[in-house]
Amino acid sequence: MSDASLNTSKVQGLEDEATFGDFFALLKPRVMTLVVFTAFVGLIAAPVSVHPVVGFAAILFIAVGGGASGALNMWWDADIDAVMKRTAKRPIPAGKVTRDEAFAFGIALSGFAVVMLGLATNLLAAGLLAFTIFFYIVIYTMWLKRWTPQNIVIGGAAGAFPPMIGWAAATGSVSVEAVLMFCLTFMWTPPHFWALALFTKMDYDNAQVPMLTVTHGRRSTRVHILVYTVLLAALAIGLGFTSVGGPIYLAVAVVLNLNFLKGAVDIWRRDEAASEADKYLAERKFFKASLLYLFAHFGAIAAEALLAPYGLGGW
Amino acid sequence: MSLSRQHEMHKRRFSRNLGLGLVLAAFVALVFGLTIAKVSDDDFAVTTEEAN
């Protein structure tokens with residue numbers, strides 16, 4: 001082979017060779033930000049002090065574990081990702097990373113994250129992280145995602161574990177507060193996602209993934225949003241009366257949940273004709289409010305924990 | 001045969017290798033920090049027999 005032959009890199013496929021950024025994209029960095037934030041809140045809300053380096057390491061390894069499950073999700077769902085516009089540019093369908101590379105990367109990082117979290121904190125936190133990865137990949141991605149329209153409900157559980165893992169990393173146990181923080185994200189995910197499904201023309205149908213809007217119709221989706229929002233509001237306000245709550249959290253929760261409930265009722269009362277007339281304004285407003293909703297609830301829990309040493313946070 | 005000339009492929013791989021190198025260096029620093037944090041902990045103690 002001569003130097004000249006190396007210039008025909010396109011023939012050899014070198015132009016499509018993965019960069020560092022392509023491997024980083026396999027970790028689903030946007031999803032990772034939610035994992036980092038909620039794990040951080042779970043960790044600082046815990047009623048024990050954690051060395052800053054240990055806390056940083058714990059959140060980092062939880063994030064790496066979450067990222068690894070993202071890579072494994074892309075490995076399994078490469079066929080779906082190639083069909084849908086939203087995901088067609090991901091590293092595997094774009095031809096930057098092979099499925100085998102993504103699988104090896106995801107498995108290696110999963111093992112690394114679980115072992116390192118166990119060494120840095122405790123076995124319970126490591127076990128919960130391992131279970132989260134297993135749940136997201138095997139239970140959700142491989143089994144239920146293509147089988148039931150309740151896939152979003154079940155998938156939401158995987159995204160809800162980080163605050164519980166953060167809490168376990170700090171305390172070595174799981175308490176009612178940790179379970180309620182889990183439930184907050186778990187119950188929030190379905191109305192958040194179904195509102196998005198109502199106003200976007202998603203191509204899940206092409207990928208043969210059952211979505212509630214398609215399998216049960218849009219009327220049923222509106223009812224589902226309302227039911228989940230009512231349950232979520234009760235849960236979110238209930239969390240305010242536990243040790244992680246306080247006046248700040250309760251005030252934020254009452255205002256945001258009243259607003260969220262009003263949005264859900266608006267969506268429930270509308271039909272498709274009304275929605276199409278104003279280009280799904282109520283659904284879009286509800287979706288935007290849902291983003292602020294989760295951030296503000298966990299932000300308020302963090303505020304209670306951070307202000308407590310000054311006698312301002314908590315009950 | 002040696003690849004004496006700088007090829008575009010080398011530039012691309014350099015960025016990947018640099019990224020991996022920085023990640024590994026950060027990991028080493030983190031493990032060092034964790035070690036210091038763990039041995040500075042009040043709960044950390046070496047039993048007399050082990051110490052001897």
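In the text below, chain A, chain B and the rest are named by the order of the sequence lines, each starting its count at 1. Remember, it's a predicted structure, so these values are computed and weren't measured experimentally.
To the nearest 0.5 Å, atoms CG (A/L294) and CZ (A/F37) are separated by 8.0 Å. Taken to the nearest 0.5 Å, the OG1 atom of A/T132 stands 11.0 Å off from the CD1 atom of A/I137.
A donor-acceptor contact closer than 3.5 angstrom links the side chains of A/E177 and A/S243.
Ring centroids of A/F112 and B/F27 are separated by less than 6.0 Å, placing the two rings close together.
With a 4.5 angstrom heavy-atom cutoff, A/L60 touches chain B only via side-chain atoms. Proximity to chain B (any heavy atom under 4.5 Å) is restricted, for A/F23, to the side chain, taken from C-beta onward. With a 4.5 Å cut-off on non-hydrogen atoms, B/F32 does not touch chain A at all.
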